[in-house]
Novice: 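One structure, as structure tokens, below. Some questions next.
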Amino acid sequence: MNLTLKIWRQKDAKSQGKMVDYQISGIEGDMSFLEMLDVLNEDLINKGEEPVVFDHDCREGICGSCSLQINGEPHGPDRLITTCQLHMRKFNDGDTIYIEPFRAKAFPVVKDLMVDRSAFDRIQHAGGYISVNTSGNTIDANAIPVNKENADDAFAAATCIGCGACVAACKNASAMLFTSAKVSQYALLPQGQVEATERVLAMVNQMDEEGFGNCTNTGACEIECPKGISLENIARMNREYLKASVKG
Amino acid sequence: MGGLIKSSIARKVAMALSGLFLVFFLLQHFTINFTSIFSAETFNELSHFMGTNPLVQFVLQPVLIFGVIFHFVMGFILEIKNKNARAVKYAKYNGGANASWMSRNMIYSGLVVLAFLGLHFYDFWVPEMVHKYVEFAPEDPSRYYHELLEKFVSPVRTGLYVLSFVFLALHLWHGFASSFQSVGFNNKYSVGATKFAKAFAIAIPLGFIIIAVVLHLNHNH
Ligand code: HEM
Ligand code: SF4
Ligand code: FES
């Protein structure tokens with residue numbers, strides 16, 4: 001496959017960036033998208049140019065670090081996968097592919113395609129935990145009965161890998177899907193009830209402070225989420241938030 | 001309750017509640033207008049009641065005006081905030097791949113509806129207010145249907161009304177069902193509720209279009 005790549009290059013957080021064209025050849029359909037970028041970077045290094053910086057770690061859809069807006073969609077045209085799981089067979093010989101960083105004011109570009117997603121960490125720190133004594137006398141979690149449906153929903157919410165595709169896809173750069181998944185995984189379980197009120201207020205407040213947009217319920221996040229996190233979580237967070245606002 | 005309207009979720013809920021209120025009003029407005037195409041007397045009676053009842057005039061009408069202003073001002077605020085949340089635009093953004101046109105363009109369908117409301121106020125509300133509260137003209141309970149027909153003589157005016165209702169349908173196609181999600185309603189009944197909302201989004205604006213066209217044709221006969 002021969003491809004034309006249009007890639008966002010930006011020297012550092014402070015510099016202006018721009019789209020730069022690259023021609024690449026010898027790409028196999030079985031390569032992953034990141035392997036294609038590896039080939040490009042080897043070319044660039046051989047030519048004495050700076051390689052393109054992009055985030056990646058596990059390369060098997062677990063860590064959530066690979067990002068990339070590919071042809072206008074986070075993680076590319078395929079569904080329920082991350083960029084590392086995207087295969088080049090999804091593209092055709094002669095295609096032009098746009099590769100950009102996830103864009104949001106709350107996700108500033110570090111360099112090229114790498115963005116700083118620590119805003120998510122700060123949302124999590126604001127309340128995405130339960131306070132339990134773990135110093136030797138922890139109660140067996142299985143000793144607390146949990147309704148099967150709630151357990152399943154909590155588990156589904158907890159599969160969020162914090163990749164940021166929801167923010168990247170949203171026309172408002174809203175972090176509602178991520179935050180709602182993190183709120184839901186506790187709101188659905190008995191262990192999460194004790195701190196439920198403070199949790200949702202603190203996490204939503206942090207989300208707003210980071211400068212993410214509001215939710216318009218377009219549903220783009222749910223479609224682009226590699227883990228299929230459901231919009232039901234956003235409705236749940238809205239309920240939790242309203243309840244907490246009246247209480248707190 | 002402190003700080004409720006300052007958070008993103010509170011604003012969204014306020015948007016949904018004001019939108020739902022307007023949907024409710026729209027249904028009421030439609031019901032009255034609909035009588036005009038088969039019974040001029042009924043339309044006159046209802047219009048006379050709405051136009052002279054003090055509860056409607058001095059309580060419900062101000063609430064409605066507040067509701068409309070609140071809704072579109074909040075719509076603008078959200079739009080500005082949301083635009084600001086993405087400082088650098090994508091070179092390529094495939095919005096159609098994962099969300100409907102209606103959901104991505106609420107501000108534009110809303111703006112058309114707002115422009116329509118300007119025309120609509122100029123057509124009906126301003127003359128009504130002048131008639132009643134400036135000129136203190138004597139009340140003639142049978143004047144309404146006749147006044148209504150006059151407005152739909154012009155094919156351009158009728159066309160503008162039709163076009164506006166198409167945009168209202170686009171606005172409600174996303175907006176009505178979306179408001180359920182905003183207030184936290186998403187459960188096993190949501191599929192049915194969404195179907196109802198989408199049917200409403202088509203049926204009511206279509207009904208208004210039929211009324212405008214029928215009135216236009218009535219006058220030309
Ligand atoms: C007057 C001009 C109007 C403007 C400028 C306007 C603007 C908007 C905007 C921008 C939104 C999306 C807000 C968001 O991002 O979530 C919205 C939502 C909505 N609008 Fe309007 N609108 C107008 C009139 C109307 C009317 C007349 C109705 C009903 C008859 C209506 C019903 C709704 C509903 C139900 C929603 C959904 C709220 C939600 O998603 O929770 N709007 N409007
Ligand atoms: S909700 Fe989905 S898209 Fe958003 S961060 Fe979690 S896994 Fe990624
Ligand atoms: S590199 Fe870990 S999910 Fe893609």
Side-chain angles (χ1 to χ4, degrees), chain A residues 6 8 17-19 69-74 77 79 98 100-101 103-109 167-176 200-201 204-205 207-208 211-224 230-243 245-246 248, chain B residues 1-17 19 74-75 77-107 110 174-188 190 193-194:
Chain A
K6 291 181 177 290
W8 181 261
K18 62 171 193 298
M19 299 299 285
Q69 187 83 351
I70 300 163
N71 279 343
E73 284 182 79
R79 296 289 171 245
Y98 284 76
E100 298 174 75
R103 295 266 186 225
K105 209 173 78 189
F107 286 170
V109 172
V167 174
C170 177
K171 76 176 184 70
N172 307 335
S174 167
M176 288 283 279
V200 68
L201 293 176
V204 170
N205 185 42
M207 173 185 87
D208 289 347
F212 292 106
N214 300 266
C215 179
T216 301
N217 300 331
T218 69
C221 52
E222 182 184 50
I223 303 277
E224 298 293 353
S230 160
L231 287 182
E232 278 172 39
N233 292 298
I234 297 184
R236 181 178 298 105
M237 178 163 75
N238 292 354
R239 287 198 299 276
E240 290 285 320
Y241 187 83
L242 288 175
K243 227 177 7 181
S245 301
V246 174
Chain B
M1 296 285 277
L4 198 60
I5 206 81
K6 278 193 236 115
S7 80
S8 57
I9 294 183
R11 283 191 218 101
K12 184 62 184 172
V13 170
M15 196 68 198
L17 293 179
M74 188 60 99
I77 292 173
L78 288 177
E79 179 67 18
I80 293 165
K81 284 193 172 292
N82 293 342
K83 279 264 152 11
N84 285 342
R86 177 163 292 133
V88 182
K89 303 275 162 284
Y90 287 113
K92 181 162 176 163
Y93 180 65
N94 192 358
N98 46 40
S100 72
W101 187 92
M102 283 67 85
S103 71
R104 288 178 290 123
N105 293 282
M106 290 298 277
I107 193 69
H174 174 70
F176 194 1
S178 161
S179 64
F180 304 154
Q181 166 85 2
S182 296
V183 297
F185 177 87
N186 187 335
N187 52 42
K188 63 182 172 183
S190 293
T194 299

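Residue numbers begin at 1 in each chain, while the letters A, B, ... track the order of the sequences.
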Novice: Does the side chain of Asn214(A) reach to within under 4.5 Å of the side chain of Lys12(B), using non-hydrogen atoms?
Specialist: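 No - every pair of side-chain heavy atoms lies 4.5 Å or more apart.
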Novice: Give a yes or no answer on whether the side chain of Arg86(B) reaches the backbone of Gly213(A) with a donor-acceptor pair at less than 3.5 Å.
Specialist: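 No; judged by distance alone, with no hydrogens or angles, the pair does not exist.
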Novice: Given the options Asn98(B), Asn187(B), Leu78(B), which has more heavy-atom pairs under 4.5 Å with chain A than any of the others?
Specialist: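 Most heavy-atom pairs within the cutoff with chain A belong to Asn98(B).
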Novice: Quick one, Asn217(A) and His174(B) - any side-chain contact, counting heavy atoms below 4.5 Å?
Specialist: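 Yes, close enough: below the 4.5 Å cut-off.
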Novice: Atom OG1 of Thr216(A) and atom CG of Asn105(B): how far apart are they, to the nearest 0.5 Å?
Specialist: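 One finds 11.0 Å between OG1 of Thr216(A) and CG of Asn105(B).
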Novice: What are the two closest heavy atoms between Arg239(A) and Gly184(B), and how far apart are they?
Specialist: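 Distance-wise, the nearest heavy atoms are NH1-O, 2.6 Å.
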Novice: Counting only N and O atoms by type, is there a donor-acceptor contact under 3.5 Å from the side chain of Asn238(A) to the main-chain atoms of Ser182(B)?
Specialist: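 Flag set: sc Asn238(A) to bb Ser182(B) pair under 3.5 Å.
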Novice: Can you tell me which portion of Glu232(A) sits under 4.5 Å from chain B's heavy atoms? Options are side chain, backbone, both or neither.
Specialist: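 For Glu232(A), heavy atoms of backbone and side chain both lie under 4.5 Å from chain B.
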Novice: Is there a donor-acceptor pair closer than 3.5 Å between any side-chain N or O of Asp208(A) and the backbone N or O of Ser8(B)?
Specialist: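 Confirmed, Asp208(A) side chain pairs with Ser8(B) backbone.
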Novice: With distance as the sole test, does Tyr90(B) use its side chain to make a donor-acceptor pair with the main-chain N or O of Arg103(A) at under 3.5 Å?
Specialist: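 Judged by distance alone, yes, a pair lies under 3.5 Å.
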Novice: Minimum heavy-atom separation for Leu242(A) to Val183(B), with atom names?
Specialist: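 The answer is CD1-O, 4.3 Å.
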Novice: Which value, rounded to the nearest 0.5 Å, describes the distance between Lys81(B) atom NZ and Phe212(A) atom CZ?
Specialist: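 One finds 15.0 Å between NZ of Lys81(B) and CZ of Phe212(A).
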Novice: May I ask you to name which of Arg104(B), Lys92(B), Met102(B), Glu79(B) has the most heavy-atom pairs under 4.5 Å with chain A?
Specialist: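 Most heavy-atom pairs under 4.5 Å with chain A: Lys92(B).
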Novice: Is Lys83(B) close to chain A through its backbone or its side chain, or both, or neither, when contacts mean heavy atoms under 4.5 Å?
Specialist: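 The answer is neither part of Lys83(B).
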Novice: By a 4.5 Å heavy-atom criterion (distance strictly below it), what part of Pro101(A) contacts chain B: side chain, backbone, both, or neither?
Specialist: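 The backbone, not the side chain.
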Novice: Does the Glu73(A) side chain pair with the main chain of Ala97(B), one donor and one acceptor, at a distance under 3.5 Å?
Specialist: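 Answer holds: no.
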Novice: If you count every heavy atom of other residues, nucleotides or ligands that lies below 6.0 Å from Lys89(B) atom NZ, does the total exceed 12?
Specialist: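 Result for NZ/Lys89(B): enclosed.
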Novice: Looking only at atom types and distance, does a side-chain atom of Tyr93(B) sit under 3.5 Å from a main-chain N or O of Ala169(A), one as donor and one as acceptor?
Specialist: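 Checked: pair present.
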Novice: Just do the side chain to side chain contact (heavy atoms under 4.5 Å, CB included) check on Ile9(B) and Met176(A) with the steps written out, would you?
Specialist: CA-CA 9 Å; Ile9(B) 294 183; Met176(A) 288 283 279; 3.9 Å; yes
Novice: Taking Ala220(A), Gly219(A), Cys221(A) one by one, which has the highest count of heavy-atom pairs under 4.5 Å against chain B?
Specialist: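 Sorted descending by pairs with chain B, the first entry is Ala220(A).
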Novice: Given a strict heavy-atom distance threshold of 4.5 Å, which part of Leu231(A) is in contact with chain B: side chain, backbone, both, or neither?
Specialist: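 Contact with chain B is through both the backbone and side chain of Leu231(A).
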